[in-house]
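This report refers to the structure that appears directly beneath it.
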Amino acid sequence: MNINKRVEEGLVSLLGKCNSTTLKTTKQIHAHLYVTGLHTNPFFFGKLLLHCASSISDHALHYSLRLFQHFPNPDTFMYNTLIRSLSHSSTPLTSLQPFIQLLRHPTLFPDSFSFAFALKGIANYGHLNKSGIQLHSQAFRHGFDSHIFVGTTLISMYAECGCYESATKVFEEMPEPNVVAWNAVVTASFRCGDVEGAWGVFQRMPIRNLTSWNVMLAGYVKASELGLARRVFSQMTMRDDVSWSTMIVGFSQGGSFDEAFGFFRELRREGIRPSEVSLTGVLSACAQAGAFEFGKILHGFMEKAGFLCIVSVNNALIDTYSKCGNVDMAKSVFQNMSAAKCVVSWTSMIAALAMHGRGDEAIQVFYEMEESGVRPDGVTFISLLYACSHSGLVQQGCDLFSKMTNLYGIEPAAEHYGCMVDLYGRAARLQEAYEFICQMPIPPNAIIWRTLLGTCSLHGNIELAELVKARLAEMDPNNSSDHVLLSNVYAVAGKWKDVAGIRRTMIEHSMKKTPGWSMIEIDKVIYRFVAGEKPNEVTEEAHDKLREIMLRLRTEEGYAPQVRSVLHDIEEEEKEDSVSKHSEKLAAAFGLAKLPKGRILRIVKNLRVCGDCHTVMKLISKVYQVEIIVRDRSRFHSFKNGFCSCRDYW
DNA sequence: GTAGGGTTAG
């Protein structure tokens with residue numbers, strides 16, 4: 001008993017040291033058990049397996065699977081632990097391996113837990129295949145299909161795999177469905193796109209607790225039905241942190257930052273203590289909105305309230321600071337984390353450096369990540385390739401791409417191919433970019449072709465641009481940005497007839513262009529400027545200031561708006577409007593008028609910054625001795641003393 | 001000693 005106590009303490013201390021599991025810590029724990037002779041003790045071995053379930057890389061998990069194969073006489077409980085761990089892993093189908101072993105075992109039998117965990121494995125995999133159906137029939141054979149927990153998991157499994165009818169059938173055949181089963185069916189309806197059906201089921205429910213309402217909120221939010229979510233939310237007599245988090249995250253992801261902030265303020269007004277989930281939700285709204293000051297306030301609050309020991313909170317802070325233009329603060333959060341860095345932390349840091357054009361540093365952080373023993377995943381490589389393409393590191397990008405597939409065995413997704421096309425294209429190696437697409441093992445999607453078209457526009461390659469546009473016309477004929485990109489290529493070459501032709505086509509097909517907007521935060525209030533909006537007090541003030549700025553730039557720096565720059569505009573803001581009305585210029589002018597001298601102007605734009613605006617920002621930073629940080633759709637530009645951090649490579 | 005439905009960061 002004493003020994004057990006000591007071992008348990010040892011385990012607890014090991015677990016405490018590593019709230020992220022690696023192969024190394026797993027081996028340490030196993031060694032610890034071995035030395036004390038407890039490696040064959042089912043209780044402690046079970047603890048080890050559970051520990052592996054929280055593994056940040058699957059190395060530890062597969063190692064524990066090997067240990068399990070040599071474990072003498074495991075019982076059903078131990079099988080269940082392993083099945084559960086594997087069902088949560090990035091390879092959830094591997095959970096079927098021990099399940100099948102258990103089925104074939106001469107003396108042991110699977111119980112309701114075994115079935116529930118194995119079904120969860122299929123649900124997490126997301127495809128039914130034969131295995132899902134076989135599992136269902138095995139559950140039937142063993143008499144567990146009418147078990148309420150197994151039944152509910154069956155509903156979820158079918159829903160996750162897109163089999164709405166089977167999900168409903170399981171529910172209808174349930175002898176006594178409880179509220180959890182009802183909730184699962186509501187989720188299944190949403191999951192399969194039947195928003196009205198979900199409401200119908202919700203109306204028919206005999207009992208509705210708080211979770212049922214939260215299910216409705218989550219469903220509406222995922223279906224982008226924010227108005228309906230708000231209506232349900234207002235009808236709720238009880239709300240918990242999940243309800244609030246759902247609203248905050250939902251509105252934030254829908255681009256309604258003000259509303260997201262509003263829900264958070266309301267939560268605070270009601271005296272509710274926010275959880276790390278609602279906090280990361282607001283932080284992500286700050287990140288998207290570029291609300292630097294608000295982000296800092298939240299950071300201070302979280303520090304005082306003791307949230308900084310939670311890894312997700314740190315990750316959200318890294319992302320918020322970097323997307324608000326302060327990569328050094330992101331770095332400081334990253335370096336001072338008390339929580340162990342997981343793959344998201346490393347990737348966020350790499351992405352932060354990438355966005356700010358610090359490609360070499362991003363690669364350096366990646367090497368440190370490799371040394372730390374945290375395994376990179378597909379997203380890590382997207383950030384890395386993005387870092388390379390935005391810093392012109394073509395060779396490094398190619399090397400990393402092959403490392404990803406050859407060393408890490410990560411199957412490249414469309415996004416990775418897209419990054420490679422961008423990498424070659426930006427570096428003016430358009431032919432290689434085109435050949436790369438032609439050699440892809442998966443069919444290139446419209447986004448990949450569009451990436452190539454974008455780089456053709458950047459480098460003025462008409463021939464290739466026309467070829468690519470023809471492909472795009474087959475796949476996505478009414479995409480306005482493709483037309484704009486091609487017209488930019490023509491404009492740069494002075495082919496005005498072709499420009500006019502494209503314009504006509506766009507009008508004929510009534511294609512809507514994405515309106516450009518820019519935001520700037522002043523005294524914690526976010527001001528949004530939209531190109532071509534009706535004048536109001538704020539825009540009048542911005543226009544006045546802008547006129548003054550332009551005059552100074554003309555007289556002191558000899559600035560003249562270039563026609564070429566007008567046409568270089570990647571995505572529309574009405575061209576017949578003069579470039580001086582571009583929203584980022586208005587935001588900068590307004591910031592210059594309102595913010596105290598010496599304060600950095602932080603601007604967020606939804607589209608890519610245009611060439612003329614880029615020049616103007618450089619000049620303003622010189623003439624007014626002000627630092628301007630612009631986040632556009634794809635990266636950051638930090639203007640200082642007449643230069644931009646992107647070194648005009650964008 | 002293990003579960004099922006709702007919210008989290010790249």
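By convention in this document, chain letters (A, B, ...) are assigned in the order of the sequence lines, proteins followed by strands, and residues within each chain are numbered from 1.
- Nearest to the side chain of Thr246(A), among dT7(B), dG4(B), dG6(B), sits dT7(B).
- Counting to the nearest Å, the P atom of dT8(B) and the CG atom of Leu217(A) are 12 Å from each other.
- With rounding to whole Å, Asp145(A) atom CG is found 19 Å from dG4(B) atom P.
- Here the side chain of His356(A) pairs no donor or acceptor atom with the backbone of Arg358(A) at under 3.5 angstrom.
- Among the protein residues, Ile148(A) comes within range of the nucleic acid bases, having at least one heavy atom under 4.0 Å from a base atom.
- A salt bridge is absent between Arg230(A) and Glu225(A): the closest approach of a Lys/Arg side-chain nitrogen to an acidic carboxylate oxygen does not fall below 4.0 angstrom.
- Counting any heavy atom pair closer than 4.0 Å across all strands shown, Thr380(A) reaches a base atom.
- An aromatic stacking contact between Phe149(A) and the base of dA3(B) is absent, as defined here by ring centres under 5.5 Å apart and ring planes under 30° from parallel.
- Of the candidate nucleotides dT7(B), dG1(B), dG4(B), dT7(B) has the atom nearest to the side chain of Val277(A).
- The phosphate of dT2(B) (OP1 or OP2) has no side-chain N or O of Lys120(A) nearer than 4.0 angstrom.
- The cationic group of Arg239(A) lies under 6.0 Å from the six-membered ring centre of Phe233(A) and within 45° of the ring axis, placing it in a cation-pi geometry.
- Among dA9(B), dG4(B), dA3(B), the nucleotide with an atom closest to any side-chain atom of Thr153(A) is dG4(B).
- Within 4.0 Å (heavy atoms only), Asn314(A) reaches no atom of the nucleic acid at all.
- In this entry the distance linking CZ of Phe109(A) with P of dT2(B) reads 23 Å, nearest Å.
- Closest to the side chain of Ala184(A), out of dG5(B), dG6(B), dA9(B), is dG5(B).
- Between Gln253(A) atom CD and dG10(B) atom P the separation is 8 Å, expressed in whole Å.
- In terms of phosphate contacts, Lys222(A) brings a side-chain nitrogen or oxygen within less than 4.0 Å of OP1 or OP2 of dT7(B).
- In this structure a side-chain-to-backbone donor-acceptor pair under 3.5 Å is present from Asn314(A) to Leu308(A).
- Proximity note for Arg84(A) (side chain, C-beta onward) versus dG6(B), dG10(B), dT2(B): the nearest is dT2(B).
- Between the P atom of dG4(B) and the NE2 atom of His147(A) lies a distance of 12 Å, rounded to the nearest Å.
- In this structure, the CG atom of Asp377(A) is 13 Å from the C1' atom of dA9(B), given to the nearest Å.
- Of the listed nucleotides (dT2(B), dG6(B), dA9(B)), dG6(B) has the atom at the smallest distance from the side chain of Thr211(A).
- Using a 4.0 Å heavy-atom cutoff across all strands shown, Val249(A) reaches sugar-phosphate atoms only and no base atom.
- Residue Met247(A) contributes atom CE, which lies 18 Å from atom P of dG6(B) at whole-angstrom precision.
- Contact annotation: Gln288(A) side-chain N/O to dG10(B) OP1/OP2 distance is not under 4.0 Å.
- Looking at heavy-atom distances under 4.0 Å, Ser348(A) makes contact with sugar-phosphate atoms alone, never a base.
- Residue contacts for Asp319(A): at a heavy-atom cut-off of 4.0 Å it reaches the sugar-phosphate backbone alone, with no base atom in range.
- Judged by distance alone, the side chain of Asn80(A) and the main-chain N or O of Ile83(A) form no donor-acceptor pair under 3.5 Å.
- The interatomic distance linking Phe115(A) (CZ) with dT2(B) (C1') rounds to 16 Å, in whole Å.
- With respect to the salt-bridge test (charged N to carboxylate O, under 4.0 angstrom), the residues Glu172(A) and Lys169(A) do not qualify.
- Relative to the side chain of Ser156(A), the nucleotides dG4(B), dT8(B), dG10(B) differ in distance, and dG4(B) lies closest.
- Here the side chain of Val311(A) is nearest to one of dG6(B), dT7(B), dA9(B), namely dA9(B).
- Taking every side-chain heavy atom of Val215(A) into account, dG5(B) is the closest of dT2(B), dT8(B), dG5(B).
- Geometrically, Arg375(A) does not engage Tyr408(A) in a cation-pi contact, judged by NZ or CZ lying under 6.0 Å from the ring centre and within 45° of the ring axis.
- Ranking dA3(B), dT7(B), dG5(B) by closeness to the Asn209(A) side chain, first place goes to dG5(B).
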